[in-house]
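Only one structure is covered here, and it is reproduced in the block below.
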Amino acid sequence: MTTQKTLNSIILIQDKKVISPNLITIREYGRWLQEVFDEYTCNQELYLTSKETGEPVLQYHPGTKIGNWFDRREFTNPHMHSWFILQPSTMMQWLKKYGLAESRDAVPLSVTDDKGRRMVRMYTADQIELYIRTNLDKQFKIAEYLAIPKQIKVREYDLSKIIIPETKKHKPKLF
Amino acid sequence: MNLTIKTDKLQEMVSRSIKGAGNNKLIPLTSLMAIELKANVLTLITTDATNYLYIRDDKVDGEDFYVTVGVDTFSKLISRMTCERVSLELDSNALKIKGNGEYSIEVPLDEEGRLIQYPDPLAEFKAAEHSTINLSTVNVILSSLKPALAATLEVPCYTGYYAGEKVVATDTYKIASMNVPLFETPKLLSAEMVNLLAVMSSEKINVELPSDGSNVVVYSSPDCVVYGVAMDEIDDFAIDAITGLVETEFDSMCKLSKAALLQVLDRLSLFVNIYDKNGIYLTFTKEGLQISSKASSGVEVIPYNESKNFKDFTCCIDIEMLTSQVKAQSTEMVELYYGLENAIKMVDGNITQVVALLEDDRA
């Protein structure tokens with residue numbers, strides 16, 4: 001199985017056939033896994049079989065977990081025209097809406113960069129949810145590293161259930 | 001516990017009730033329906049985890065009855081019944097449906113093995129303010145404003161309708177604004193909440209706001225109640241900027257047949273290729289509006305039905321955005337305003353649409 005990167009997303013290809021829609025967040029990836037694979041394989045991770053990622057900065061060895069692509073990838077979309085800082089109340093509304101937190105829970109918005117400096121980053125709601133999913137949701141816990149990819153059996157899936165953010169490159173906004 | 005009801009009545013209630021079920025796999029409650037018969041009032045309750053839909057009938061015979069059942073199998077079975085009357089009976093952990101034969105649906109239990117009690121937020125609701133809105137207004141919102149809503153979550157507030165002294169939908173690339181006041185204190189209504197209002201059966205819909213100042217809004221008609229929660233992000237909604245754009249004066253105006261315009265856009269869409277990024281050219285000429293593909297592989301002219309303050313003008317616009325807004329118009333004639341570099345405007349009675357123009361790479 002090989003992967004190919006399209007803008008800020010990935011698609012999965014098996015035997016030269018595209019088997020997934022554009023996947024931008026690990027939430028979409030996990031949801032797609034649930035839709036497509038059976039209960040046993042759903043808890044495994046898919047693996048890259050080659051270095052063909054299409055971008056020189058992304059050098060992954062065969063056997064690298066596809067989930068890593070999301071961990072190391074810059075979450076910000078350089079084509080987004082607007083940024084906003086989520087206030088705690090807005091963030092909590094999102095977490096409650098997705099059933100990820102109760103009112104008493106709190107998640108920090110500050111992060112540490114590569115040099116160990118603490119800084120406040122601006123995140124969209126999707127990125128916050130991605131962060132929460134990665135750290136709290138055990139169902140999508142990354143499996144242990146294996147050198148040989150597992151055989152994956154694919155069944156039919158309904159693409160309409162997967163939310164794929166639209167890319168609005170080159171479109172000027174009204175405000 | 002059992003109840004008996006005319007099949008067509010139950011089918012009608014269930015077909016309305018399932019519109020309130022969110023069927024979100026992450027939240028099991030949204031795939032369940034509560035069925036309650038109390039003092040001859042039958043209520044079906046469904047939810048999308050934010051809004052609750054209550055469908056009621058107050059003339060149903062039977063003993064008091066309560067069960068929570070999976071929406072999918074139950075609704076499909078009821079829709080396929082052909083008998084005159086159907087009876088529902090709770091038998092240990094299964095709901096028995098008798099009519100055309102006898103069917104049994106296992107009911108879900110909670111962690112302690114008890115029948116699930118559906119949340120009933122309406123029971124604790126205390127109304128402080130009362131008003132009304134018309135079902136016809138809701139239908140106009142759904143037909144004419146909904147196409148302008150944001151479909152993605154880049155800026156979440158634009159996935160909802162701003163409802164204050166006017167109703168506004170926008171995704172920052174197009175705006176649809178209707179001059180009908182709905183709330184004195186503006187509210188941001190989610191698309192899901194407004195969709196549910198279409199289930200109401202009477203023209204006048206009662207609206208109640210709570211005494212605690214929360215975002216709850218309760219809509220009701222004689223046989224239906226929607227307990228909704230308005231969105232929090234209303235402060236992010238750039239209503240002042242949007243109002244400014246909607247009220248912007250344009251120099252020139254023309255009127256075109258909506259049907260002719262849609263047909264041209266439909267034909268031209270075949271000649272918009274992937275590198276055009278959905279862009280087509282509009283050129284206002286003395287004879288009419290010329291619409292062409294970027295590669296000049298398709299061009300048509302639509303004559304004006306009316307033209308005021310004509311001026312030569314050309315621009316580039318997204319064909320899908322323009323088509324969706326023209327389709328949302330209710331009249332046969334499109335009143336189109338042009339002349340500004342960043343947008344065009346269309347007016348349909350008390351609804352104003354603004355559509356952003358693309359960068360014109362011919363300049």
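Chain letters run A, B, ... following the sequence lines, proteins first and then strands; every chain starts at 1. Being a predicted model, the structure only gives us computed values, none of them experimental.
One distance of note links CD1 of B:Ile175 with CZ of A:Phe175; it measures 5.5 Å at 0.5 Å rounding. Rounding to the nearest 0.5 angstrom, the gap separating the OG1 atom in B:Thr170 from the NZ atom in A:Lys173 is 9.5 Å.
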**Request:** Begin with the C-alpha distance, continue with both residues' side-chain angles, and end with the deciding distance and a verdict on side-chain contact (heavy atoms from CB on, under 4.5 Å) for A:Leu174 and B:Thr172.
**Result:** CA-CA 6 Å; A:Leu174 283 169; B:Thr172 73; 5.8 Å; no

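Using a 4.5 Å cut-off on side-chain heavy atoms (C-beta onward), B:Leu357 and A:Pro172 make no contact.
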